[in-house]
Participant: 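Take this structure, written in structure tokens, and hold onto it; I'll ask about it next.
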Amino acid sequence: MEPVTYSLKLSRTNTEEYYSDVRRFTDEVLLKTEESVTSIVNEYINYINKFKLEDVREKEEYILELLSFGILWRTYANQALSVKHAPFITLSKMGEWRKKHQRIKPFIDLSRGILISLFLLPEKLKQNNLPVPSLDQIDHVCKWFEATGEFREEAIRFIGWRAFWGTLDSTKHKEIFSAIAEFRNWFEVRSNAMLGKYTYNVEKFISDTRNKYRWREDRISCTRKQIEYHLNMVGAELMNRAFRKEFNTTDATALLLPGCMRARSKDECEAIKEPKGLKCIGCEPKCRVNHLRIIGTKKKFEVYIIPHASDLSLWSPKKGEPNRGVVASACVTTLVEGGWELKRYGVPAQCVLLDYSGCRKHWHPEGIQTTLNTHELERIIEKRIN
Ligand code: SF4
């Protein structure tokens with residue numbers, strides 16, 4: 001079957017080859033950073049230490065932040081800088097409200113879709129030639145990122161980097177931004193060679209459905225570029241490495257699955273609503289969520305179905321609860337954002353990609369039941385990946 005945008009399966013029945021490829025390519029990315037951006041990351045870490053801004057995190061996280069900046073800047077800065085006036089604050093608040101108030105989410109999404117297309121995605125772009133971004137431009141683009149609701153976590157992290165860059169002179173800026181641009185260009189070429197076979201349908205999907213998504217709140221999310229898919233694939237692997245030590249100290253595990261993995265529709269599924277999500281009761285033996293629930297009873301992890309754009313702060317550790325780690329599964333376009341959000345709430349997390357996207361709401365008119373690699377899941381849950 002032709003993938004909607006990406007598929008980790010190729011023509012095979014399992015996705016082991018993908019996991020081997022992405023681990024190999026992530027090693028190569030880390031090696032490349034040694035000659036390109038590691039010195040910038042080290043200087044940033046020194047700055048964080050000097051001003052005691054946060055507990056220093058793993059280096060992989062900062063590398064991912066810098067790579068994300070390079071890719072997202074090149075992809076969206078021109079669009080963002082072409083927008084002079086927009087309800088930035090209202091739009092970013094709406095992005096939060098839709099997570100906290102599931103009942104009025106359809107109304108919020110309808111309004112967001114119109115406002116995003118009207119204000120954030122202008123038809124006419126200023127032909128900005130931006131070899132060295134200025135600090136004011138970075139501020140403006142971060143405001144735009146937050147307003148889209150798609151890049152909130154990235155914007156929070158870029159603002160930290162921007163504060164650091166604000167302490168440096170213009171010669172240093174030039175040096176830093178040309179190193180980031182060079183790293184980004186290298187990543188584009190190498191990621192196409194290593195991961196392009198899993199994402200070959202992305203650009204075709206974008207050109208076939210351009211008009212369909214106009215005025216929809218998921219317009220940006222569903223039209224992400226091929227390089228962004230590769231960024232998120234490597235991002236998921238970098239995050240898993242960065243968060244693993246902490247995750248491996250937890251004594252209980254919850255697996256969070258999207259609704260599109262169910263064999264039945266939302267209305268027919270008999271899962272029971274609980275404060276943190278839906279709990280499967282096994283009403284359909286062939287259902288993949290049920291299959292994972294059964295594995296969970298043997299391997300001692302809980303399974304929850306989490307509707308898209310749920311309030312992940314519900315998972316932040318609380319007194320009286322077990323020291324719980326979370327393994328989240330989602331499609332390539334949303335997984336990294338979710339991982340960063342969980343990190344912000346202090347949740348020890350790991351992630352497993354859906355093998356392909358297929359939910360009815362965003363991707364496919366009839367909906368395709370999604371799935372994940374259970375070997376990868378078991379390796380993570382049994383803490384067998386070092
Ligand atoms: S088996 Fe579980 S997840 Fe699947 S449809 Fe039934 S209750 Fe819902």
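Values below: every heavy atom of this structure, side chains too, minus hydrogens, waters and symmetry copies. Every number for a ligand or one of its atoms is a count from 1 in the order of the listing.
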Participant: Please say whether more than 12 non-hydrogen atoms of neighbouring residues, nucleotides or ligands are located less than 6.0 Å from NZ in Lys197.
Facilitator: yes
Participant: Parallel, tilted or perpendicular: which one describes the rings of Phe69 and Phe177, with boundaries at 30° and 60°?
Facilitator: tilted
Participant: Need the ligand 1 atom indices (1-based, order shown) with element for anything under 4.0 Å from a heavy-atom of Val289.
Facilitator: 3 (S)
Participant: Taking backbone and side chain together, does Cys283 place any N/O/S atom at a distance below 2.8 Å from atom 2 (Fe) of ligand 1?
Facilitator: no
Participant: For Lys343, is there an ion pair with Glu61 - N to carboxylate O distance below 4.0 angstrom?
Facilitator: yes
Participant: Need the ligand 1 atom indices (1-based, order shown) with element for anything under 4.0 Å from a heavy-atom of Asn290.
Facilitator: 1 (S)
Participant: Cation-pi check for Tyr304 against Lys279: NZ or CZ below 6.0 Å from the six-membered ring centre and within 45 degrees of the axis, yes or no?
Facilitator: yes
Participant: Going by the order shown, which atoms of ligand 1 are within less than 4.0 Å of some heavy atom of Glu284?
Facilitator: 1 (S), 6 (Fe)
Participant: Decide yes or no on salt bridge (charged side-chain N to carboxylate O under 4.0 Å, His left out) for Glu302 and Arg324, but give the supporting numbers first.
Facilitator: CA-CA 10 Å; Glu302 293 179 285; Arg324 186 194 279 122; 3.8 Å; yes
Participant: Counting heavy atoms only, name the option from Cys287, Pro285, Cys269 that's nearest to atom 8 (Fe) of ligand 1.
Facilitator: Cys269
Participant: Between Ile305 and ligand 1, find which residue part has any heavy-atom pair under 4.0 Å and reply side chain, backbone, both or neither.
Facilitator: side chain
Participant: Heavy atoms only: which of Ala271, Gly259, Cys280, Ser265 lies closest to atom 2 (Fe) of ligand 1?
Facilitator: Cys280
Participant: So that I can tick it off, tell me whether Arg241 and Glu58 are bridged by a salt bridge, with the cut-off set at under 4.0 angstrom between side-chain N and carboxylate O.
Facilitator: no
